[in-house]
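Read through the structure below, which is laid out as structure tokens, and then see the notes.
Hydrogens, waters and symmetry mates play no part in the numbers below; they use all other heavy atoms, side chains included.
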Amino acid sequence: MWRLTAFLVICFGCRAAAVPRSEYPQPQFERERWLSLNGSWEFAFDDANAGLDADWAAVGKPFGRNITVPYCFESRLSGIGDTSFHPWVWYRRTVSVPEEWKGQRVLLHFGAVNYWALVWVNGKLAGGHEGGNTPFTLDVTPLLKAGANVLTVRSHFPPTDRGIPRGKQYWEPKSKDIFYTRTSGIWQSVWMEAVGASYLERVKITPALDGTVRLDWAIARPQADLEVTVAASFEGRPAASATGRANGARATALLSIDAPRLWSPQSPHLYDVTLELRRGGTLLDRVHSYFGFRRVTAEHGKVLLNGDPIFLKMVLDQGYWPESILTPPTDEAIQYDIRMAKEMGFNGARKHQKLEDPRYLYWADRMGFLVSSEMANAYEFDDGYVERFTGEWAAAVERDYNHPSIIIWAPINESWGVPDLRDPRQQNHLKSLYALTHSLDDTRLAIDNEGWEHTGTTDLFAIHDYARTGELLYEKYKDVGKPGFGVPNDGRAALLPGYQYNGSPVALTEFGGIAFIPPGHDAPAEAWGYSGVEKTADGALERLRGLYGAIARIPGFAGLCYTQLTDVEQEINGLMTYDRKPKFDVKRLREINALVP
């Protein structure tokens with residue numbers, strides 16, 4: 001399993017021979033000298049919240065347990081599997097910095113820690129972070145010493161706080177209805193890297209279909225006379241290169257590539273790129289990344305990819321696993337989910353209420369799989385929520401900007417976090433997120449409110465409806481896209497009062513929800529589905545065929561998203577069971593998907 005890598009050191013010039021690329025936690029920003037810190041850590045619950053006052057980070061209090069990082073303590077793969085409430089938890093491990101890193105700065109990376117984190121090195125506070133879905137990095141160079149170093153992490157995730165962006169993680173002790181087991185503490189990879197006196201913090205890569213590529217660099221600890229270079233290649237052959245001077249903490253480089261090969265689900269062409277930061281003749285930092293040429297637009301009621309209409313055939317994917325909850329158990333598990341969805345006839349996934357692991361997005365890029373990226377929402381609106389959510393969403397867009405597979409941003413689903421949109425403040429927050437998203441990224445579609453209560457400013461008019469039959473679905477939506485059509489909905493208004501439909505493409509982004517329990521499969525006693533439970537596979541497929549047939553008769557639809565790819569705990573409307581066994585003949589599912597364009 002790629003997640004359980006022990007200590008691993010890679011030197012300049014030996015990346016390909018030393019480690020498969022699948023080992024690296026952030027493939028969009030890959031360095032050659034790194035050290036995985038996944039694996040066994042000491043661990044302790046701190047239910048009395050005594051650890052800070054008692055200075056556990058400094059005194060070396062025995063923690064008494066071990067946990068396998070990056071799996072949360074609620075999961076089986078963590079080695080603990082305790083799903084009860086534990087708001088405060090502690091981690092500790094020792095690490096020896098490789099001798100060849102001497103004289104370099106050392107960065108400590110966390111993919112995600114839910115929700116507030118504090119980090120100490122050798123008993124001294126290195127820093128902290130707020131946000132359970134986004135990464136953070138600490139420069140720990142001044143705190144390190146020769147030999148063994150002690151890393152300590154404290155995480156605080158209040159299990160009942162509904163003002164925290166938490167997605168489907170339930171605030172009661174036991175999962176119920178559409179809510180599932182929590183993921184507390186460290187739940188994505190932890191690793192260290194060596195860099196020079198100045199180093200790259202991030203790069204924003206913006207390709208255009210004419211072959212131009214703009215790269216915007218952010219540089220940490222900038223010095224005078226810094227030079228940036230970029231070299232792009234395609235299938236191992238040089239494609240373009242450029243050199244430029246840094247302007248303080250920023251730099252910009254432009255590439256021009258002749259006859260660019262475009263990225264699409266059918267042909268997911270990717271260009272590799274090497275980014276270097278130098279001062280004089282000294283290499284300070286080197287990062288490997290990649291990009292794809294693709295353009296997403298919406299015109300005349302259609303979604304266009306690279307200028308051509310594409311019908312979105314998406315599947316709702318919650319991104320939960322029975323053994324590891326929100327953390328993918330292995331790289332192979334990620335690839336399997338994408339491969340099965342494609343074999344069923346889907347061209348993408350709506351990642352629901354989860355900012356997905358970068359490894360998932362890497363494989364979506366490589367395998368040609370469209371992604372609608374959705375933030376984990378909160379449920380209660382107040383000033384603290386607005387500050388937390390806005391900052392974390394901006395960090396999410398920044399993290400994933402370079403992935404060609406992402407074609408849609410959806411910060412809010414079904415008015416979660418803004419439950420009373422009659423309140424002008426909540427309306428303004430909703431609209432501000434749409435504007436914020438496009439201020440950070442104008443290369444993709446953005447949805448103001450996924451599913452209902454649109455403000456009239458959205459790039460995709462997303463509708464959720466769990467009509468049981470094709471006849472009901474057709475009668476409700478047969479006039480979609482026609483002049484002056486009124487949009488009905490399943491329980492909530494599609495438009496907020498006072499707003500008008502803006503002509504954007506209409507997509508049925510939640511429908512179906514047909515539950516079925518395969519023979520011999522054990523299901524929870526509280527098992528349920530959005531539109532009832534079918535007794536036979538044939539019955540479920542017949543109802544599914546009726547829904548698809550109705551959608552095929554409605555030319556106003558630009559796409560769909562079926563609920564859902566897999567069962568999740570008590571929710572059994574998946575096309576596969578929770579442990580990823582297909583419930584239906586995959587060929588028959590593909591034939592049904594072929595009913596729509």
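Tested against Tyr379 for a ring-ring contact (aromatic ring centres under 6.0 Å, His included), the candidates Tyr385, Phe389, Trp416 yield a single pass: Trp416. In summary, of the residues considered (Tyr320, Tyr578, Tyr180, Trp528), a side chain to side chain donor-acceptor pair (under 3.5 Å) with Glu571 occurs for Tyr180 alone. Under the side-chain contact (heavy atoms from CB on, under 4.5 Å) rule, Glu510 has a single partner from Gln564, Arg350, Glu450, which is Arg350. Applying the side-chain contact (heavy atoms from CB on, under 4.5 Å) test between Val113 and each of Phe157, Trp187, Phe136, Tyr91 identifies Phe136 as the sole match. Checked options Val150, Asn149, Asn122, Leu151; the residue passing with Thr94 is Val150 (criterion: side-chain contact (heavy atoms from CB on, under 4.5 Å)).
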Start with the C-alpha distance between Val195 and Leu200, add both sets of side-chain angles, then the distance that settles side-chain contact (heavy atoms from CB on, under 4.5 Å), and finish with yes or no.
-> CA-CA 9 Å; Val195 295; Leu200 302 174; over 6 Å; no

Take Asp337 and Arg580 through the test salt bridge (charged side-chain N to carboxylate O under 4.0 Å, His left out) and record every step on the way to the result.
-> CA-CA 8 Å; Asp337 279 5; Arg580 273 42 179 191; 2.9 Å; yes

Go through the steps for Thr458 and Asn449 under the test side-chain hydrogen bond (donor to acceptor under 3.5 Å, both in side chains), then give the verdict.
-> CA-CA 8 Å; Thr458 185; Asn449 194 1; over 6 Å; no

Are Thr134 and Arg399 close enough, and set up right, to give a side-chain contact (heavy atoms from CB on, under 4.5 Å), and what steps lead you there?
-> CA-CA 8 Å; Thr134 50; Arg399 191 198 77 170; 5.8 Å; no

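Within the 3.5 Å criterion, the main-chain N or O of Ala349 finds no donor-acceptor partner in the side chain of Asp317. Between the side chain of Asn402 and the main chain of Val203, a donor-acceptor pair closer than 3.5 Å is present. Side-chain atoms of Arg444 come within 3.5 Å of backbone N or O of Ile406 as a donor-acceptor pair. When atom types are taken as modelled, the side chain of Arg425 and the backbone of Asp382 share no donor-acceptor pair closer than 3.5 angstrom. Panel note: side chain Gln169, backbone Thr183; a donor-acceptor pair is recorded below 3.5 Å. Ser175 places a side-chain N or O within donor-acceptor distance of the main-chain N or O of Thr181, the cut-off being under 3.5 Å. No donor-acceptor pair under 3.5 Å is formed between the side chain of Ser289 and the backbone N or O of Phe29. Of the possible donor and acceptor atoms, one in the side chain of Arg388 sits under 3.5 Å from a partner among the backbone N and O of Gly163. With hydrogens and angles disregarded, no donor-acceptor distance shorter than 3.5 Å links the side chain of Asp442 to the backbone of His438. Under the 3.5 Å distance criterion, the side-chain polar atoms of Arg166 are matched with a main-chain donor or acceptor of Asp161.
Using a 4.0 Å cut-off between charged nitrogen and carboxylate oxygen, Lys581 and Asp579 count as a salt-bridge pair. Between Lys176 and Glu526 there is no salt bridge, since no side-chain nitrogen of the basic residue lies less than 4.0 Å from a carboxylate oxygen of the acidic one. Between Arg492 and Glu414, no side-chain nitrogen of the basic residue sits less than 4.0 Å from a carboxylate oxygen of the acidic one, so the salt-bridge criterion is not met.
Relative to the ring axis of Tyr360, Lys351 places its NZ or CZ within 45° and under 6.0 Å from the centre.
Counting non-hydrogen atoms of neighbouring residues, nucleotides and ligands closer than 6.0 angstrom, the CG atom of Asp420 exceeds 12 such neighbours.
Side-chain contact between Gln26 and Trp191 is present, with heavy atoms from C-beta onward closer than 4.5 Å. The shortest distance between side-chain heavy atoms of Leu326 and Lys354 falls below 4.5 Å. Within the 4.5 Å cutoff, the side chain of Lys124 has no heavy atoms near those of the Pro142 side chain. Between Asp400 and Trp409, some side-chain heavy-atom pair lies under the 4.5 Å cut-off. At a threshold of 4.5 Å between non-hydrogen side-chain atoms, the residues Ile408 and Leu312 count as touching. In this structure, Met576 and Tyr336 have side chains that are in contact, with non-hydrogen atoms separated by less than 4.5 Å. Two residues are said to be in side-chain contact when any heavy atoms from C-beta on lie closer than 4.5 Å; Phe73 and Ile67 meet this criterion. Residues Asn377 and Ile412 form a side-chain contact, since some pair of their non-hydrogen atoms from C-beta on lies under 4.5 Å apart.
Separation of the Tyr362 and Tyr24 ring centroids does not fall under the 6.0 Å cut-off. Side-chain rings of Trp120 and Trp90 approach one another, their centers coming within less than 6.0 Å. Aromatic rings of His454 and Phe461 (six-membered ring for Trp) have centroids within the 6.0 Å cut-off, being under it. Here the two rings, on Tyr562 and Phe511, have centers that are under 6.0 Å apart. Annotation: Phe63 is not in aromatic contact with Trp41 [ring centroid separation under 6.0 Å not met].
Under 3.5 Å, the side chains of Tyr466 and Thr563 contain a donor-acceptor pair of N or O atoms. If you check the side chains of Asn49 and Arg154, you find a donor sitting under 3.5 Å from an acceptor. No donor-acceptor contact under 3.5 angstrom links the side chains of Asn114 and Ser184, judged on distance only. Ser373 and Glu356 share no side-chain donor-acceptor pair at under 3.5 Å. Asp459 and Tyr434 share a side-chain donor-acceptor pair at under 3.5 Å. No donor-acceptor contact under 3.5 angstrom links the side chains of Thr83 and Glu74, judged on distance only. In this structure, a donor-acceptor pair under 3.5 Å is absent between the side chains of Thr327 and Asp357. Judged purely by distance below 3.5 Å, without hydrogens or angles, the side chains of Tyr170 and Glu569 never pair a donor atom with an acceptor atom. Judged purely by distance below 3.5 Å, without hydrogens or angles, the side chains of Glu193 and Trp34 never pair a donor atom with an acceptor atom.
In this structure, the separation between CD on Glu332 and CH2 on Trp363 is 8.5 Å, given to the nearest 0.5 Å. Atom CG of Asp465 sits about 10.5 Å away from atom OG1 of Thr509, to the nearest 0.5 Å.
In terms of heavy atoms, Ile186 sits closest to Phe110 at CD1-CE2, 4.4 Å. Here the closest heavy-atom approach between residue Glu453 and residue Leu430 is recorded as O-CD2, 4.2 Å.
Taking the side-chain hydrogen bond (donor to acceptor under 3.5 Å, both in side chains) definition, one finds that Asp177 meets it with nothing, sequence neighbours left out. Every residue meeting the side-chain hydrogen bond (donor to acceptor under 3.5 Å, both in side chains) condition with Tyr401, not counting sequence neighbours, appears here in chain and number order: Thr206.
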